[in-house]
Each structure stands twice: as structure tokens, then as C-alpha cells.
Amino acid sequence: MKLYKSDFLTNDGSILNVLRVALPLILSSSCHAVNMFMDRLMLTRYSQSSAAAALTSGLTSFTLQCFFVGAVGYAGTFVAQYSGANQNKRVGTAVWQGIFLAMAGAVFMASCCLWIPYLFGALNHEPAVEKQENIYFTWLALGSGVFLGQQALSCFWSGRGKTMMVLLVSILVTMLNLPLNYAFIYGKWGCPEMGTAGAALGTVLAAAGGLIIYAIGFFGLKSSRKHYNTCKNMFDWDMFKRMIKYSTPNGIQLMGDLAAFNVFVIVLSLYGVQVQEASSIVFGINNLAFCPIMGIGMTASILVGQSIGANDIPHAKRSVRSARTIMLIYMTVMIILFAVFPNVVLDPFVRFGDTAQLEVMRLAKIMLLFIAAYLFGDGLVLVYSNAVRGAGDTRYMMYLTLIMAWGVFAIPCVIMRLLGCSVWYLWGCLSLYILLFGWLCYQRYRGGKWTKMKVIEETL
């Protein structure tokens, strides 16, 4: 069976050509990091309880949502493989299956608002923090349909390698997010002062702006409707079953990973509000390193998917090698920044005149050293796990993630807390887990089983 090489595979997989696809995604992911960084910064300067609550409730919201994030996002793999196989008429239908999954996710997240207060209540956080946790979660959960819908529609462009559109929408969302958050958190420009709720509302409204742009491009453009059937054949039972088959492990993997990390954050919060605030700050800073590499990981998945669709495995391998090189260069810069110049990223979070925050900053500097220690592992996970998932190797990655995230990370952290260990033992466990996980993802890629996988149907 012969498949024709896609027009999108016109590069040779070199670093420069991979960057042409990756750079918009890197910048797009960086926009997301900027949004989270500024949210944390504004809430830190608004109140300590808001800053502490944002990490726990925000991560809980994303953990509950991330099964659908992983499932919806996997529509991009179908789009990539159909594009690589020049089956453009199937692209719109693939995106629609992602839209249906996004709708299901929105309903699920809304239902979580009924029981999540009992979870936060069981954590025995300070009353002021618990109140803000409930507020922040409720707003984000009710707005989840906007986030998931935006992700589903973005697959139409990212899967085809048209990553500049993704970047432009991300820039728009960031340009909306910053002023909206500022206005609703602090009550500026005639807006009500909403504090924690304002941060969530501003984020949802900004995402809605991006959703509108994607919707216009997907539904409104004649070229999209004509060449990609974006308004025809919306539901395909056979494709939907295949998407469930491959995207469910992807969603479970992401949810299992984030749930384990959420356990870690919750355990950290039991060490006191100063550790909780310091953790919130450094994980916001960590996004400056993590989110751009997410863009490189997405690029590896896209190029592997297109290469699989075109039956061009050598191209896939060259692209992954180039993506790894880009990741190593970027992570080296971030390691130097976090380990040698921590004040550069920490100073914006300082509340001047607040002597009680001096201990928070001291703790944050130590936490940044642990982050610097595991950044290369983070990069390996993102590049190689995305590469094999781009071919369809989702089930193995699900099992590996669940075993590592819980057996090596979350459960040992809970045990160490029960034994009364120092908080730094938990951070050491985090570093060891990520480094080991990165090495195992690399070994799976080297094994080569992904080269014999495909999520789309074969055609003559």
C-alpha cells in the first residue's frame, strides 16, 4: 500500500527546518507561561492567601480537566497523519471528533463544582486560603468549555504544521489576558475588584477571544470548508472509536501525571503557608522553562505524525534529533538562569516592606536549585514521549507514566511526609523521578516500536 508524501514534508528534518515549525509553538507556549507567570505575580501582590490558593486550586482544576485535554489534543495526531497521507478531506472530521470530546469535558468539569469544596475542606488549609481555592476553582471549571474548545480547534492548524496561526491566537490571548486580569483582580478601569475570581475570569474571557478567532477560521473560511470538509461529515463513528482508543490512554497518562503532581503540591502545602507560597512562585517560574519545551514536544509529535502518514520514518528520526538538540540548548540556558541568577526571576515577586516574605524568598531560591537539577529530564520526557505518541504509542506511555508518577513519586512523597521528613526530601524525590522518567522515555523511543504504528486507516 502506497501513501503519497505530504506537501508539508518538504524539509529535511534539520534544526533550522524543525525550528520553522517549532518556533511558533515555542512562542505560543511561552505566551501561556507568561499568562501564568503574570497571574501568579498579580495574585502574589494582591494577597498571600490568593497566591497560595492559586497553585492548589488551579492545579486541581487542570488535573480534573486534563483527561479531556489529552483526549481532545490527540485530534492533532489524527490531523497530522491525515495531512502526511494527503487525505485532506478527513482533516475536518478529525477535528470534529475532538470538539465532541471537548463538549463532554465541559459537562464533566461543571459537575465537579458540586463536590470540590469537600476536597479543599479536607485539606485543613487556613480558612482564607480555602475560601479562595473554592472561588478560583469554580470560575476555571465553569470556563473549561472555552479552553477545551480552543484546544480542539487549534488542532486544525497545529496538526497540519500551520503553527503560525497558533502563535497569532496565543499572542491575542496574552494581550487580552494581562489587562483583563489586572482590571478584574484590582478593580481598575471601572471593573469590580474581584481578587482571585478576577484572575480566573480574566483568563476565561481572554481564552474566549482565541476561541472566536479559531472558530472563524475553521467554520467561516471558504477554503477550510472546501478543502478540509470542516462543515461536513461531522461525526464519523469509526474514526471516533479509533480516537477514543488512542486518546483515552493519552488522557489517562496526562491525568495520572498531573494527579501525582497535585498530590505533591498538596503535601507541600501541609508544611505551612510559606512553603505553599514559595512553591506557587517557583512553579510559576518553572513554566518559563517547561512551557517553551512543550512547544518543541508538540513539534516532535506533529512531524512524527506527518512522517508516519507519509511512510517516511527517516524523516521522523531526523526531526526528533533536531528537536532534542533545540531542547538541550534551551534547557542549558534555563539551568544557568535558575542556579546562578535566581534573583532575576524572583525579584518581581517580592512584596516590598513585607519582612515576613524574606523566608519565602529563601525557600524559593533552594527550590529553584532542585528545578535546575531536573530540567534536562523534563526535556527528555517532553521530546521523546511526544514523539512516540505522535505515531500512536499511547498505551505504553500511559502504563509507564502511572507506574513512575505514583510508584516513584507521589506515594513516596506521602510516606515521607507521614514519617516527618524534611520538605527537601520531597523535592529530591521529584528531581529523581523526572530524571529517571526522561531516561525511560528515551529508551522507549530507541526501541523503535513506534515506527510500526499508525492511527489512521490505510488507503491505496
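Being a predicted model, the structure only gives us computed values, none of them experimental.
- To the nearest 0.5 Å, atoms CZ (R417) and OG (S422) are separated by 10.5 Å.
- Summarising the geometry of W406 relative to A260, their closest heavy-atom pair is CZ2-N, 3.6 Å, with the distance given to 0.1 Å.
- Listed by chain and residue number, nothing satisfies the ring-ring contact (aromatic ring centres under 6.0 Å, His included) test with Y271 (two or more places apart in sequence, or in another chain).
- A ring-centre distance under 6.0 Å is not found for W96 and F235.
- Remark: the backbone N or O of T203 is paired with a side-chain donor or acceptor of N181 at under 3.5 angstrom.
- Looking at heavy atoms from C-beta onward, M416 lies out of side-chain contact with V267 at the 4.5 angstrom threshold.
- When the side chain to side chain contact (heavy atoms under 4.5 Å, CB included) test is applied to F67, the partners found at least two apart in sequence or on another chain are T248, I252, M255.
- The minimum heavy-atom distance between A278 and A364, with the atom names listed, is CB-N, 4.1 Å.
- Between L430 and L426, the closest side-chain pair of non-hydrogen atoms is not below 4.5 Å.
- Here the shortest heavy-atom pairing between W139 and V204 reads O-CG2, 4.0 Å.
- Taken from OG1 in T332 to CG in L337, the straight-line distance is 12.5 Å, to the nearest 0.5 Å.
- In terms of modelled atom types and a separation under 3.5 Å, the side chain of T394 and the main chain of S247 share no donor-acceptor contact.
- For the pair T325 (side chain) and R321 (backbone), a donor-acceptor distance under 3.5 Å is present.
- Of the possible polar contacts, one joining the Q306 side chain to the G159 backbone as a donor-acceptor pair under 3.5 Å is found.
- A centroid separation of less than 6.0 Å is found between the aromatic rings of F264 and W427.
- In this structure, the separation between OH on Y136 and OG on S61 is 8.5 Å, given to the nearest 0.5 Å.
- Looking at N286, its side chain never comes within 3.5 Å of a backbone N or O of V282 through a donor-acceptor pair.
- Y82 has its side chain within reach of M239: a pair of non-hydrogen atoms, C-beta onward, lies under 4.5 Å apart.
- A cation-pi arrangement is present between R160 and F156 under the rule of less than 6.0 angstrom and at most 45 degrees off the ring axis.
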Check the pair I302 / L25 against side chain to side chain contact (heavy atoms under 4.5 Å, CB included), numbers first and verdict last. CA-CA 11 Å; I302 291 167; L25 291 176; 3.7 Å; yes
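- Here CD of Q150 is found 7.0 Å from OG of S154. Values are rounded to the nearest 0.5 Å.
- Judged by distance alone, with hydrogens and angles left aside, the side-chain atoms of W450 form a donor-acceptor pair with the main-chain N or O of Y445 at under 3.5 Å.
- Using a 4.5 Å heavy-atom threshold, the side chains of L380 and C441 count as separate.
- One finds the CE atom of M243 at 9.5 Å from the OG1 atom of T93 (value rounded to the nearest 0.5 Å).
- T401 pairs by the side chain to side chain donor-acceptor pair (under 3.5 Å) definition with Q253, not counting sequence neighbours.
- Looking at Y74 and I244, their side chains never come closer than 4.5 Å, going by heavy atoms from C-beta outward.
- The backbone N or O of S301 lies less than 3.5 Å from no partner atom in the side chain of N386, so there is not a single donor-acceptor pair.
- Checked by atom type and distance alone, the side chain of Q151 pairs as donor or acceptor with a backbone atom of V69 at under 3.5 Å.
- Under the salt bridge (charged side-chain N to carboxylate O under 4.0 Å, His left out) criterion, the residue pairs touching residues 389-405 are D393-R444, with sequence neighbours excluded.
- R324 meets the salt bridge (charged side-chain N to carboxylate O under 4.0 Å, His left out) test with no other residue; sequence neighbours excluded.
- Contact between V72 and C155 at its shortest, heavy atoms only, is O-SG, 3.9 Å.
- Between A387 and V320, the closest heavy-atom pair is CB-CG2, 3.9 Å.
- Side-chain atoms of M331 and D378, non-hydrogen and from C-beta on, do get closer than 4.5 Å to each other.
- Partners of Y433 by ring-ring contact (aromatic ring centres under 6.0 Å, His included), not counting sequence neighbours, listed by chain and number: F409, F437.
- Atom CG of L201 sits about 12.5 Å away from atom CD1 of I135, to the nearest 0.5 Å.
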Please walk me through it: do V107 and S111 pass side chain to side chain contact (heavy atoms under 4.5 Å, CB included)? CA-CA 6 Å; V107 173; S111 70; 5.8 Å; no
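- The two residues T138 and N134 have their closest heavy-atom pair at OG1-O, 2.8 Å.
- Residues V265 and S279 are not in side-chain contact: their nearest non-hydrogen atoms beyond the backbone lie 4.5 Å or more apart.
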Evaluation steps, side chain to side chain contact (heavy atoms under 4.5 Å, CB included), between F240 and L101: CA-CA 10 Å; F240 188 75; L101 290 172; 4.2 Å; yes
Check the pair L64 / I116 against side chain to side chain contact (heavy atoms under 4.5 Å, CB included), numbers first and verdict last. CA-CA 10 Å; L64 292 171; I116 203 68; 4.0 Å; yes
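- A donor-acceptor contact shorter than 3.5 Å is absent between the side chain of E133 and the backbone of F120.
- Two residues are said to be in side-chain contact when any heavy atoms from C-beta on lie closer than 4.5 Å; R90 and I456 fail this criterion.
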